[in-house]
Amino acid sequence: MDFPITMYFIEDYLPSKRHRKPSQREKTKQVTVTVPTVTELEAPVAYTVHTSETLKRLRWYRDCLWEPVSTSMYVEGVYTTSDMRAEKLPAECDAAANDARQYQREKTADERLQKFVAKHIVIDDTVYDKTSEPMYRVQYGTYVYLSVEHYYDRASSGITFNALEFDAAAAFIERANRGRKDAPPAVQKIIVHMPEQVRLNPLQDLRSYLRKDIAKYIKTTFPRIAALVPLSVYVQIESEVMSEKTILRRHYNDGDIVRAFENIIAQTFQIDIAPPAAENDEA
């Protein structure tokens, strides 16, 4: 899909030979933009994601996931969303390139435009932009529930399950909400059509995190436990640690973390981990 846009930017110039300090003026440049246009056969559906507002079909093309760009508006007092049609793409391109027209240089305008174009394609007259792999993330509120997210970072994403691990995610939610009659059951919101493209493995990342980072943290911060239980033990009690990951991820208080580990170690290995006696207890 090709279309022209006018790009605006500023440049320095000397108003006359007598001037030494440059002034600035606005310049324009005509640019022809090319956005790839593909068919639905070339970009098959990899995921179907059910959201609170609509249903999205994420497509796979050139080793990337793409989702339809949504537009929203109020029509007769009703808030509606719809997929962006290709006819609106030139205006979006123009806005992306000229968002900072009052102070941007020509190079900046070019970079803005290229960045915008690189993130968009047109599939059967619908505009798509790049997205990330969808996943289930555990959220905490009145009760524990699952949300669909597209951003993943091991250190800050909390408890996360990939799109193929809905059963494990639902079981986790059920355990976390045990005794809560007002908690609704987990709903499968991600349908996977191309399982070979599921590449995230957040549970394995979390196991590695628990096995290495937290074990090292416990060893250096709580030497009393480290003296009783070597680091190799943490690998053996991985399943017990995983069952307590709600505690480990929800609480950032050192006392909560160490008590969780103490309970796991004491129950699994029948080790008595009593707090050290205060000095005045012997008096």
Side-chain angles (χ1 to χ4, degrees), residues 45-60 63-70 72 81 83 119 128-215 217 234 238-254 256-257 260-261 264:
V45 176
Y47 301 89
T48 299
V49 179
H50 298 264
T51 69
S52 58
E53 299 177 351
T54 184
L55 180 148
K56 286 188 176 182
R57 292 182 174 87
L58 309 185
R59 296 182 176 274
W60 188 260
D63 206 36
C64 293
L65 271 177
W66 304 81
E67 69 174 340
V69 177
S70 296
S72 57
T81 61
D83 295 341
K119 293 172 58 177
Y128 283 70
D129 62 1
K130 284 185 180 180
T131 187
S132 302
E133 184 176 320
M135 69 206 82
Y136 296 104
R137 184 170 300 160
V138 176
Q139 304 285 3
Y140 299 92
T142 305
Y143 47 81
V144 183
Y145 63 97
L146 292 177
S147 67
V148 175
E149 304 288 342
H150 290 267
Y151 171 77
Y152 174 71
D153 178 75
R154 188 197 69 179
S156 62
S157 290
I159 304 170
T160 308
F161 299 84
N162 71 30
L164 293 174
E165 295 173 332
F166 172 74
D167 291 341
F172 181 88
I173 293 298
E174 183 179 355
R175 289 195 303 270
N177 287 324
R178 189 168 296 165
R180 294 296 304 270
K181 296 182 179 180
D182 59 334
V187 177
Q188 186 173 7
K189 296 182 178 180
I190 307 174
I191 308 300
V192 181
H193 304 284
M194 300 175 65
E196 68 276 11
Q197 303 303 344
V198 178
R199 301 177 180 182
L200 289 178
N201 195 344
L203 288 184
Q204 184 59 43
D205 288 346
L206 183 56
R207 291 189 183 99
S208 299
Y209 174 78
L210 291 170
R211 187 182 297 153
K212 298 177 183 178
D213 299 343
I214 292 185
Y217 173 72
Y234 291 103
E238 180 180 319
S239 60
E240 286 77 10
V241 172
M242 292 296 290
S243 68
E244 294 287 340
K245 64 186 177 182
T246 305
I247 296 176
L248 299 176
R249 283 302 204 172
R250 288 182 65 187
H251 297 280
Y252 295 92
N253 179 277
D254 291 348
D256 292 329
I257 296 176
F261 271 89
I264 295 169

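All values below come from the heavy atoms of this structure, side chains included, with hydrogens, waters and symmetry mates left out.
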Is the backbone N or O of Phe166 less than 3.5 Å from a side-chain atom of Gln188, with the two atoms forming a donor-acceptor pair by type?
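A pair under 3.5 Å: no.
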Main-chain N/O of Lys189 paired to Tyr136 side chain as donor or acceptor, under 3.5 Å: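 The answer is yes, because a donor-acceptor pair under 3.5 Å joins these two groups.
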Measuring only between side-chain heavy atoms, which start at C-beta, is [X] closer than 4.5 Å to [Y]?
{"X": "Pro134", "Y": "Leu65", "value": "yes"}
{"X": "Tyr145", "Y": "Asn177", "value": "no"}
{"X": "His50", "Y": "Ile191", "value": "yes"}
{"X": "Val138", "Y": "Leu146", "value": "yes"}

List the atom of [X], the atom of [Y], and the distance in Å for their closest heavy-atom pair.
{"X": "Gln197", "Y": "Tyr47", "result": "O-OH, 3.5 Å"}
{"X": "Asn201", "Y": "Asn162", "result": "CA-ND2, 4.5 Å"}
{"X": "Ser70", "Y": "Lys56", "result": "OG-CE, 3.8 Å"}
{"X": "Arg199", "Y": "Asp63", "result": "NH2-OD1, 3.0 Å"}
{"X": "Tyr128", "Y": "Arg59", "result": "OH-NE, 3.3 Å"}

Q: Begin from the C-alpha positions of Trp66 and Lys130 and carry the test side chain to side chain contact (heavy atoms under 4.5 Å, CB included) through to its verdict.
A: CA-CA 5 Å; Trp66 304 81; Lys130 284 185 180 180; 3.5 Å; yes
Out of curiosity, Met135 CE to Leu200 CG, how far, rounded to the nearest 0.5 Å?
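The distance works out to 5.0 Å.
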- [ ] Apply side-chain contact (heavy atoms from CB on, under 4.5 Å) to Asp129 and list each qualifying residue two or more places apart in sequence or on a separate chain.
- [x]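 Glu67, Val69, His120.
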Open item on the list: Holding to side-chain contact (heavy atoms from CB on, under 4.5 Å), I want the full list of residues that pass it with Pro195, two or more places apart in sequence or in another chain.
Closed with: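 Counting only residues at least two positions away or on another chain, Pro195 forms a side-chain contact (heavy atoms from CB on, under 4.5 Å) with Leu164, Val192.
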